[in-house]
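These numbers come from the heavy atoms of this one structure, side chains and all, not from hydrogens, waters or symmetry mates.
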Amino acid sequence: MDGRGQRALRARTSRWLIAGRCCAAIGWLLWVAMQAIAKDPFPPEISISQYGLGGAGWVFTVWAVALAAAPILLLLGAPVPGPALPMLVVGFAGAVVMGVVRTDEGVGLLTWYARVHMMGAVTSLVFLPLGILFALRFADRRTWWIGVGLVVAAGIVGVLVLVSTGVDTVGIGRARSWALWQGILVVIDMLLVTLHAVAAGRITPRMNAVGANG
């Protein structure tokens, strides 16, 4: 590739990275905006899914789509081999379903559309962190282990979310316990997206994943 081709490639890569980082930043801004609109500052008293109800529900939709798009755009700017991209695409599809299909009010998810919303949310919360982690295999050792720690934390909190659907795990009521752990899980996932955004420019497929992180 000649010098002109290399410059064009660097410019295209830079645009993908900028777009991904902008989406990650928009995710944080809309996360704060949703809490302000719902008058429900962190720690939350209602499920994050319920931010999608009402006239301002479009903010929830844009938040879900922007946050899920960020790691895909970052990966296009810093591509790596392996299953990272397919996993991120599946996670993005789940986020779109979660953002477009609304839930019910309260903890009980009984209607068909609430169940579809839940399946989209679970798909997103599972595949996006794993996709990011596969991308971070090619980052430096410290970034890799921070990513591992966040994914492990997300797994533990995810179990607490499930347990809280039937048990008051915090002593503040079953619904509020569920909302609290769900809010913490979302923050962990947003931190993982942020980690990817910060490290993406330094990720290169020429690095050996085992050698770099072992």
Side-chain angles (χ1 to χ4, degrees), residues 19-20 23-24 26-28 30-31 34 44 46-53 57-76 79-137 147-166 177-197 200:
C23 282
I26 289 171
W28 280 104
L30 293 181
W31 167 248
M34 287 190 297
I46 62 174
S47 164
I48 178 66
S49 295
Q50 293 176 32
Y51 291 165
L53 302 177
W58 64 270
V59 179
F60 172 81
T61 300
V62 176
W63 167 80
V65 173
L67 194 67
I72 294 179
L73 296 171
L74 293 168
L75 197 63
L76 291 175
V80 299
L85 184 57
M87 285 187 169
L88 292 176
V89 170
V90 172
F92 177 78
V96 171
V97 171
M98 177 186 72
V100 173
V101 181
R102 301 297 186 233
T103 189
D104 287 327
E105 294 187 12
V107 177
L109 301 176
L110 301 177
T111 61
W112 68 267
Y113 52 85
R115 293 181 185 276
V116 170
H117 173 91
M118 180 178 65
M119 287 188 290
V122 171
T123 300
S124 176
L125 290 170
V126 170
F127 282 92
L128 285 177
L130 290 178
I132 293 173
L133 191 61
F134 272 101
L136 293 179
R137 290 185 307 157
V148 170
L150 288 172
V151 170
V152 170
I156 294 171
V157 174
V159 171
L160 291 170
V161 171
L162 294 175
V163 173
S164 295
T165 59
S177 294
W178 181 59
L180 173 64
W181 290 121
Q182 191 185 61
I184 292 174
L185 179 58
V186 169
V187 169
I188 292 173
D189 285 345
M190 291 173 65
L191 288 173
L192 193 57
V193 172
T194 302
L195 179 66
H196 188 196

Problem - Listed once per pair and sorted, the side-chain hydrogen bond (donor to acceptor under 3.5 Å, both in side chains) pairs that draw on residues 81-97, sequence neighbours left out - result: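 Non-adjacent pairs meeting side-chain hydrogen bond (donor to acceptor under 3.5 Å, both in side chains): zero.
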
Considering residues at least two apart in sequence or located in another chain, which fulfil the side chain to side chain contact (heavy atoms under 4.5 Å, CB included) criterion with [X]?
{"X": "Leu75", "value": "Val80, Ala84, Leu85, Leu88, Ala135"}
{"X": "Thr123", "value": "Val90, Phe127"}
{"X": "Leu195", "value": "Leu136, Thr143, Ile146, Leu150, Leu192"}
{"X": "Ser49", "value": "Ser47, Thr103, His117, Gln182"}

Exercise for the section: Sequence neighbours left out, what passes ring pair (Phe, Tyr, Trp, His ring centres under 6.0 Å) with Trp63? Give chain and number order. Expected result: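 Trp63: ring pair (Phe, Tyr, Trp, His ring centres under 6.0 Å) contacts with Phe60.
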
If you look at every heavy atom in [X] and [Y], which pair is closest and at what distance?
{"X": "Ala24", "Y": "Ala70", "result": "N-CB, 3.8 Å"}
{"X": "Cys23", "Y": "Leu73", "result": "SG-CD1, 3.7 Å"}
{"X": "Pro71", "Y": "Ile132", "result": "CB-CG1, 3.8 Å"}
{"X": "Leu133", "Y": "Gly147", "result": "CD1-C, 3.7 Å"}
{"X": "Ile46", "Y": "Tyr51", "result": "CD1-CE2, 3.6 Å"}
{"X": "Arg137", "Y": "Pro81", "result": "NH2-O, 3.4 Å"}

What's the separation between atom [atom1] in [X] and atom [atom2] in [Y], rounded to the nearest 0.5 Å?
{"X": "Met190", "Y": "Leu30", "atom1": "CE", "atom2": "CG", "result": "8.5 Å"}
{"X": "Ile188", "Y": "Ile156", "atom1": "CD1", "atom2": "CD1", "result": "8.5 Å"}
{"X": "Trp178", "Y": "Leu162", "atom1": "CH2", "atom2": "CG", "result": "10.5 Å"}
{"X": "Leu180", "Y": "Leu185", "atom1": "CG", "atom2": "CG", "result": "11.0 Å"}
{"X": "Ser177", "Y": "Leu160", "atom1": "OG", "atom2": "CG", "result": "10.0 Å"}

Problem - Check: Val116 and Met98 side chains under 4.5 Å, non-hydrogen atoms - result: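 No, every pair of side-chain atoms sits at 4.5 Å or beyond.
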
Handout entry: Flag side-chain contact, heavy atom, 4.5 Å: Leu67 against Trp28
Key =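 Leu67 does not reach Trp28 side chain to side chain.
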
Practice task
Start with the C-alpha gap between Asp189 and Leu128, add the side-chain angles, then the distance that decides, and say whether side-chain contact (heavy atoms from CB on, under 4.5 Å) holds.
Solution key: CA-CA 8 Å; Asp189 285 345; Leu128 285 177; over 6 Å; no

Practice task
Name all residues meeting the side chain to side chain donor-acceptor pair (under 3.5 Å) criterion together with Trp31; count only those two or more places apart in sequence or in a different chain, and write none if there are none.
Solution key: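 Testing Trp31 for side chain to side chain donor-acceptor pair (under 3.5 Å), a comparison that skips the adjacent residues, returns none.
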
Problem - Donor-acceptor under 3.5 Å (Thr61 side chain, Gly99 main chain) - result: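 Yes; judged by distance alone, with no hydrogens or angles, the pair exists.
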
Exercise for the section: Using atom types as modelled and distance alone, determine if a side-chain donor or acceptor of Arg102 lies under 3.5 Å from a backbone N or O of Ala114. Expected result: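 A pair under 3.5 Å: no.
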
